[in-house]
Amino acid sequence: MTKFIFESELVFNPAPHNQSNFNKFGQVYKGKREFAYITELQKRLKVQIMRDKSFKKYGEIPIKVDYIFGFAPTKSWSKKKIQRALSHEIYPTEQNKGDWDNLTKSTQDRLNKLIIADDRFIVDGRARKIFTPKPYLRIEIEEV
């Protein structure tokens with residue numbers, strides 16, 4: 001099977017899965033940022049699938065998934081600091097950017113049933129957080 005590659009600028013920065021949001025019944029719910037991110041991601045993935053007539057969902061087989069999460073530099077930064085961020089001298093480690101494992105979790109939840117049978121079949125992969133001119137996401141999937 002060929003590689004599935006999804007690459008897109010986003011309206012908002014990628015948002016991590018957050019398990020600490022509970023409603024009055026003690027149930028976990030998605031925060032506004034995560035909900036907006038996964039809704040946009042789902043729409044963009046569906047558009048790509050519809051355009052790619054050769055797309056076939058990954059079945060119950062081991063797969064490798066690589067992610068690049070791109071974050072727009074903070075607008076209040078100096079031009080010099082923004083340039084350092086875009087040249088990957090500075091990385092998005094601020095608390096509001098999220099942990100890379102939680103970013104992959106929110107993204108993998110959108111891949112389930114749409115691109116892959118289930119994220120339990122992911123046996124290998126990598127996730128990277130970088131600064132990009134605009135919010136950005138790249139997903140690369142291949143059979144192992």
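This is a predicted model, so every value here is computed, not measured.
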> If you measure from NZ on Lys46 to CD1 on Ile115, what distance do you get to the nearest 0.5 Å?
Replying inline: 10.5 Å
> With a 6.0 Å cut-off on ring centres, are Phe69 and Tyr67 close enough?
Replying inline: yes
> Should Phe4 and Phe55 count as side-chain neighbours, where that means a heavy-atom distance under 4.5 Å?
Replying inline: yes
> Does Arg120 offer a backbone N or O that forms a donor-acceptor pair with the side chain of Asp118 under 3.5 Å?
Replying inline: yes
> Taking the side chain as C-beta and beyond, is there a heavy-atom pair between Asp66 and Ile139 under 4.5 Å?
Replying inline: no
> So, does Tyr58 use its side chain to make a donor-acceptor pair with the main chain of Ile141 at under 3.5 Å?
Replying inline: yes
> Are Arg44 and Val11 side-chain neighbours, meaning at least one heavy-atom pair lies under 4.5 Å?
Replying inline: yes
>> Between Thr132 and Lys134 (side chain of the first, backbone of the second, donor and acceptor by atom type, cut-off under 3.5 Å), is there such a pair?
In response: yes
> Taking all atoms of both residues into account, what is the closest heavy-atom pair of Ile38 and Ser106, and its distance?
Replying inline: CG2-O, 3.6 Å
>> Under a 3.5 Å cutoff, is there a donor and acceptor pairing between the side chains of Tyr136 and Glu7?
In response: yes
> If every non-hydrogen atom of Asp119 is compared with every non-hydrogen atom of Asn112, which pair is closest and at what distance?
Replying inline: N-OD1, 2.7 Å
>> For a quick test of reading the model, state the closest non-hydrogen atom pair linking Ala15 to Leu103 and the distance between them.
In response: C-CD2, 3.7 Å
>> Just so I know, are the side chains of Glu40 and Gln42 near enough to count as touching, which here means a heavy-atom distance under 4.5 Å?
In response: no
> Are side-chain heavy atoms of Glu94 and Pro92 found at a separation under 4.5 Å?
Replying inline: yes
> Side chains of Pro135 and Phe12: closer than 4.5 Å at any heavy-atom pair?
Replying inline: no
> Is there a side-chain contact between Lys43 and Thr39 (heavy atoms, below 4.5 Å)?
Replying inline: yes
>> I need the single residue from Leu137, Leu111, Thr107 that forms a side-chain contact (heavy atoms from CB on, under 4.5 Å) with Phe6. Which is it?
In response: Leu137
>> Measuring only between side-chain heavy atoms, which start at C-beta, is Val65 closer than 4.5 Å to Gln108?
In response: no
> What pairs of residues pass the ring pair (Phe, Tyr, Trp, His ring centres under 6.0 Å) test when at least one of them lies in residues 91-110, not counting sequence neighbours?
Replying inline: none
>> Quick check against the 3.5 Å criterion: does Arg138 have a side-chain atom that pairs as donor or acceptor with the backbone of Gly70?
In response: no
>> Tell me whether Asp109 is salt-bridged to Lys105, with the criterion being a basic N under 4.0 Å from an acidic carboxylate O.
In response: yes
